[in-house]
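For reference, the structure is listed below as structure tokens.
Starting from 1, each residue takes its place in the sequence as its number. Everything numeric here is computed off the predicted structure, so don't read it as measured data.
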Amino acid sequence: MGRPKGGRNRKWTKEEKLRIVKRHLVDHVGQRTLVKEESISGGMLRHWISAYLDQGEEGLEPKTRRGNPFAALHTSKNLRELDRLRLENAKQKIEIERRLKKGYMVKGAGAEKEFITSFDPNTK
């Protein structure tokens, strides 16, 4: 019993989480019963219960999404100098990691750019 294929994940509000957790803690409804009745996973319910016991109602607040902090900067036309430099630095770090993973270096610039492998093809 899950979401339909291509469907979106369910977003639970703080009030819904609190209602379900209190049904378990106050009304002594079993976790298996709640999982079936509310159509949630057991792990999610256990997480909510432990968050409520550790942090109170604040533990049930929706978490903010991390995401890519530079995503909005790619589309922005007018960047501050500091933001532009941070974006350029992040792009260079990603490029360096990619090159190290693939095992090649770049020699030259522009039209004379040349890719040189940094490993011997006869070794594993």
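- Atoms CG and CG, from Leu18 and Leu60 in turn, are 6.0 Å apart once rounded to the nearest 0.5 Å.
- Residue pairs satisfying the side chain to side chain donor-acceptor pair (under 3.5 Å) criterion with at least one member in residues 47-62, sequence neighbours excluded, are listed as follows: Lys14-Glu61.
- Ala51 approaches Gly59 most closely through the heavy-atom pair CB-O, 3.7 Å.
- The two residues Glu16 and Thr13 come nearest to each other via the heavy atoms OE1-N, 3.0 Å.
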* To do: Begin from the C-alpha positions of Arg86 and Glu81 and carry the test salt bridge (charged side-chain N to carboxylate O under 4.0 Å, His left out) through to its verdict.
  => CA-CA 9 Å; Arg86 283 183 180 159; Glu81 182 68 15; over 6 Å; no

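- Under a hydrophobic-cluster definition in which Ile, Leu, Val, Met, Phe, Trp and Tyr are linked whenever side-chain heavy atoms come within less than 4.5 Å, directly or via other members, Val21 and Leu53 are assigned to the same cluster.
- Between the CG atom of Leu45 and the CG atom of Leu34 there is a distance of 6.0 Å, given to the nearest 0.5 Å.
- Considering CD1 of Ile49 and CD of Gln31, their distance stands at 4.0 Å, rounded to 0.5 Å.
- Evaluation of the side chain to side chain donor-acceptor pair (under 3.5 Å) test over residues 19-29, restricted to residues two or more places apart or in two chains, returns Arg19-Glu38, Arg23-Glu37, Arg23-Glu38.
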